[in-house]
Amino acid sequence: MLLDEIKKENDIKKIAPENYDRLAAEIRTFLTEKISATGGHLASNLGAVELTMALHLALTLPEDKIVWDVGHQAYTHKLLTGRREGFEHLRSYGGMSGFPKRRESECDSFNVGHSSTSISAGLGLAEGDRLADRDGLVAVVIGDGALTGGLALEALNNVSEHKGPFLIVLNDNKMSIAKNVGGLSRYLSNLRGSTAYNDLKVGVENKLHGIPKYGDRMVRQLKRMKDNLKKMFVPGMFFEDLGITYLGPIDGHDVAGMTRIFSSAKNIDHPVLVHVITEKGRGYKYAEERPDKFHGVEAFDVKTGAPAKPKKDLTYTEVFSEKLLALGIKHPELAAITAAMPDGTGLKKFAKEFPERFYDVGIAEEHAVTFAAGLAAAGMHPVVAIYSSFLQRAYDEILHDVCIQNLPVIFAVDRAGLVGEDGETHQGVFDLSFLRSIPNMNIFAPKNGEELKRALMFAVDFAGPIAIRYPRGAVSRCFEEETAEIEFGRAEVLYAGRDVALLAVGSMVETAERVRQNLAAEGIRATLVNVRFVKPFDEELFTELAGTHTLFVTMEENVYNGGFGEGVARFVQSGRLAVEVLPVAIPNMFVEHGATGVLKKVTGIDPESVTKRVLERVREK
């Protein structure tokens with residue numbers, strides 16, 4: 001196998017050009033087989049194989065640097081930098097990350113995971129190298145979807161200030177940006193990408209400038225004529241007007257062609273954007289047919305494309321989807337907003353039934369929130385469905401545009417808590433902290449699917465901002481038959497005991513029930529409370545419980561700093577209540593990738609770890 005010859009960075013340069021297609025096929029087979037066993041991002045990686053090969057052929061790593069946007073497409077990069085063995089434990093706890101990580105390799109120049117960051121980060125790296133007088137080209141790879149993000153557009157506005165080579169590769173999988181205009185575009189791209197063209201252009205301009213009296217005017221007129229012609233025939237004038245030389249579109253599966261263009265970019269003394277057209281999922285039939293389905297996958301059967309473990313249980317996202325659809329029929333003022341994830345957030349059914357009230361704003365979480373504020377100010381009741389880790393990006397807009405005006409915006413915070421194999425950038429363990437800090441914000445965490453439905457029913461009649469946070473995966477069946485009506489700011493006592501009170505938030509109610517059973521086996525009859533409202537929490541109930549209990553155990557799938565447990569501890573302290581608080585929360589750390597069950601044990605929020613801590617505290621007392 002050709003892959004056997006690649007043991008470290010730059011080994012790809014030993015491969016003969018006539019074998020590039022064979023190497024690409026081997027990489028696709030390897031990735032498909034490995035990801036079918038471990039799960040991971042498939043379609044995006046299959047589409048970027050030749051693109052990655054060309055970058056590694058044109059550049060010299062790690063002196064040159066590659067910054068990947070999001071990082072979904074970096075598996076081939078990991079293969080070509082000597083991490084083949086790491087795919088055996090891809091995304092497992094302690095194993096290789098599914099995203100670029102600086103701690104893994106010096107060829108990973110920047111940690112990524114969220115969209116639209118690459119141009120900003122790459123520009124910073126390039127400026128740092130320039131100031132330190134270090135040689136090397138910085139190349140950033142960004143997708144057409146990621147280019148809709150505000151951060152990417154802000155960075156593009158700043159790129160022209162960079163003095164020196166800088167390569168932006170626009171990986172366009174035919175879903176947006178400009179269309180391929182054919183032979184003329186390819187001809188102009190190759191012509192303008194060559195050093196001979198650039199040298200000729202500079203030489204002609206210098207000669208004209210040397211003509212007395214008329215030279216400068218001739219140069220200005222020539223430039224105006226050239227720009228007018230380019231606007232007629234050349235796509236990408238948006239980039240040209242920002243001071244970035246545009247080359248393309250070019251075939252994103254032509255290794256030799258891309259290598260020539262990327263190599264030329266190293267010799268151009270200003271920023272260049274190369275627009276490549278790729279096919280997401282290329283080389284695997286099922287991923288080509290359904291690139292959305294095979295974007296992020298669990299383990300699957302390579303022969304059929306079917307999941308290795310067929311999904312049986314209803315998920316929180318599915319419950320949200322069905323209930324919002326039903327509410328949309330009854331409430332014509334409801335509108336739904338997503339930031340490029342209608343499938344992932346469960347809004348696809350709402351979009352199909354109410355297309356005039358559904359908005360996909362692209363990868364633009366900040367815009368999604370302020371747009372929702374505008375809708376609310378106009379009398380609508382918008383639902384913004386965004387994953388917890390991505391909602392972080394819109395903190396200022398939540399505070400400034402929604403909460404200051406106390407507007408009725410519903411935040412459906414999906415993937416709250418530990419989400420597993422995607423790692424630090426995707427764990428939803430900060431939302432309680434950053435949302436609790438904002439005046440006028442209200443936060444509800446349902447204990448199961450039935451309570452999620454009732455939370456949505458409550459939220460559509462609520463007159464201010466409210467966030468409903470729920471976890472990834474199958475709904476809890478715990479206490480499914482015991483779901484009381486929701487009363488603002490009130491908790492729900494599920495079991496009445498004494499001495500120890502377990503105050504559990506959302507997903508932790510099921511864990512708390514197992515802890516309660518473990519404690520009962522030790523002769524401790526604990527009270528179990530479903531907190532429901534994290535903000536405002538039930539001060540009246542907690543004060544009452546403090547009179548009959550000596551220990552509060554707060555339980556949340558969120559970091560302690562700024563979270564529910566810290567809030568309860570301050571409440572107890574300020575009220576001088578005669579009860580101790582034992583906080584059970586995610587340690588104040590970034591949690592790496594791994595199976596959710598493993599991560600709960602590592603962070604100490606699994607039933608056994610919590611039981612042990614409670615027993616130790618009780619025995620101390």
Side-chain angles (χ1 to χ4, degrees), residues 70 113-115 292 295-296 298 311 313-325 327-328 334-351 358-366 368-369 372 382-395 397-398 402 409-423 425-435 441-456 458-460 465-476 505-508 534 556-558 586 591 596 599:
V70 186
H114 284 190
S115 177
D292 54 340
H295 170 69
E298 304 295 336
K311 184 180 73 67
D313 296 323
L314 197 65
T315 67
Y316 281 96
T317 303
E318 289 169 337
V319 170
F320 164 77
S321 176
E322 294 291 344
K323 190 59 181 179
L324 188 67
L325 179 63
L327 289 170
L334 269 183
I337 302 167
T338 180
M341 299 194 73
D343 283 328
T345 58
L347 291 182
K348 197 168 184 178
K349 289 184 177 180
F350 189 96
F358 169 76
Y359 304 92
D360 185 344
V361 300
I363 302 175
E365 291 85 1
E366 301 96 322
V369 171
V383 178
V384 181
I386 296 178
Y387 290 2
S388 170
S389 65
F390 301 147
L391 190 63
Q392 296 163 183
R393 314 185 104 194
Y395 179 80
E397 287 72 23
I398 296 170
V402 175
V409 176
I410 300 169
F411 293 94
V413 187
D414 202 336
R415 290 356 184 229
L418 295 168
V419 298
E421 290 84 352
D422 282 340
T425 56
H426 285 63
Q427 310 290 7
V429 296
F430 301 102
D431 57 87
L432 289 183
S433 300
F434 70 75
L435 291 174
M441 176 56 75
N442 303 278
I443 309 168
F444 188 96
K447 68 179 184 290
N448 56 34
E450 182 61 32
E451 197 159 79
L452 173 55
K453 295 178 188 176
R454 299 199 181 195
L456 286 167
F458 175 87
V460 297
I466 185 168
I468 304 171
R469 59 113 59 179
Y470 45 93
R472 179 185 188 183
V475 296
S476 171
V505 174
S507 61
M508 292 298 287
V534 175
E556 62 190 309
E557 209 167 327
N558 189 84
I586 305 292
V591 182
T596 304
L599 298 181

Enter the distance from L347:CG to F358:CZ here, rounded to the nearest 0.5 Å. 5.5 Å
Counting C-beta onward and ignoring hydrogens, is there a side-chain heavy-atom pair between K453 and V319 closer than 4.5 Å? yes
Given the rule in the side-chain contact (heavy atoms from CB on, under 4.5 Å) test, do F350 and V383 qualify, once you have shown the distances and angles that lead to the verdict? CA-CA 11 Å; F350 189 96; V383 178; over 6 Å; no
Taking side chain to side chain contact (heavy atoms under 4.5 Å, CB included) as the definition, give me every residue that meets it alongside E318, ordered by chain and number, with sequence neighbours left out. K311, L314, T315
Check whether R472 reaches the backbone of V419 with its side chain - one donor and one acceptor, N or O, closer than 3.5 Å. yes
Any donor-acceptor N/O pair, D313 side chain to A474 backbone, under 3.5 Å: no
Among all residues two or more places apart in sequence or in another chain, which pass the ring pair (Phe, Tyr, Trp, His ring centres under 6.0 Å) test with F411? none
Flag side-chain contact, heavy atom, 4.5 Å: L324 against L334: yes
Measure across A368 and I386 and return the closest heavy-atom pair with its distance rounded to 0.1 Å. CB-CD1, 4.4 Å
Verify, without hydrogens or angle tests, whether N558 (side chain) and I586 (backbone) share a donor-acceptor contact under 3.5 angstrom. no
Passes side-chain contact (heavy atoms from CB on, under 4.5 Å), L599 versus Q427? Steps please. CA-CA 11 Å; L599 298 181; Q427 310 290 7; 3.5 Å; yes
Side chains of S388 and D414: is there a donor and an acceptor less than 3.5 Å apart? no
Of all residues at least two apart in sequence or in a different chain, which pass the side chain to side chain contact (heavy atoms under 4.5 Å, CB included) check with E421? R91, A595
Distance check, rounded to the nearest 0.5 Å: F320 atom CZ versus L327 atom CG? 9.5 Å
R415/T317 under side-chain contact (heavy atoms from CB on, under 4.5 Å): CA gap, chis, key distance, verdict: CA-CA 9 Å; R415 290 356 184 229; T317 303; 3.1 Å; yes
Rounded to the nearest 0.5 Å, how far apart are CD1 of I468 and CD of E451? 10.5 Å
Output all residues satisfying ring pair (Phe, Tyr, Trp, His ring centres under 6.0 Å) with Y316, sequence neighbours left out; order by chain, then residue number. none
Just so I know, are the side chains of Q392 and H114 near enough to count as touching, which here means a heavy-atom distance under 4.5 Å? yes
Decide yes or no for I466 and I410: does some side-chain heavy atom of the first lie under 4.5 Å from some side-chain heavy atom of the second? yes
Non-hydrogen atoms of D360 and A339 that approach each other most closely: OD1-C, 4.0 Å
With sequence neighbours left out, write down each residue that passes side chain to side chain contact (heavy atoms under 4.5 Å, CB included) with K349, or none if nothing qualifies. S321, E322, L325
All heavy atoms of A372 vs all of V384, minimum pair found to be CB-CG2, 3.4 Å
Search all heavy atoms of D431 against all heavy atoms of A416 and return the closest pair with its distance. OD2-CB, 3.9 Å
Say you draw a straight line from CZ of R469 to CD of E556; how long is it, rounded to the nearest 0.5 Å? 8.0 Å
Give the C-alpha distance, both sets of side-chain angles, the deciding distance and a yes or no for side-chain contact (heavy atoms from CB on, under 4.5 Å) between V413 and Y387. CA-CA 6 Å; V413 187; Y387 290 2; over 6 Å; no
State which residues pass side chain to side chain contact (heavy atoms under 4.5 Å, CB included) with S507; sequence neighbours excluded, sorted by chain then number. P471, E557
With the side chain counted from C-beta on, respond yes when I398 and L391 share a heavy-atom pair under 4.5 Å apart, and no when they do not. yes
First locate atom CG of L452, then atom OG of S476, and finally report the distance between them rounded to the nearest 0.5 Å. 12.0 Å
What's the spacing between L435 CG and F430 CZ if we round to 0.5 Å? 13.0 Å
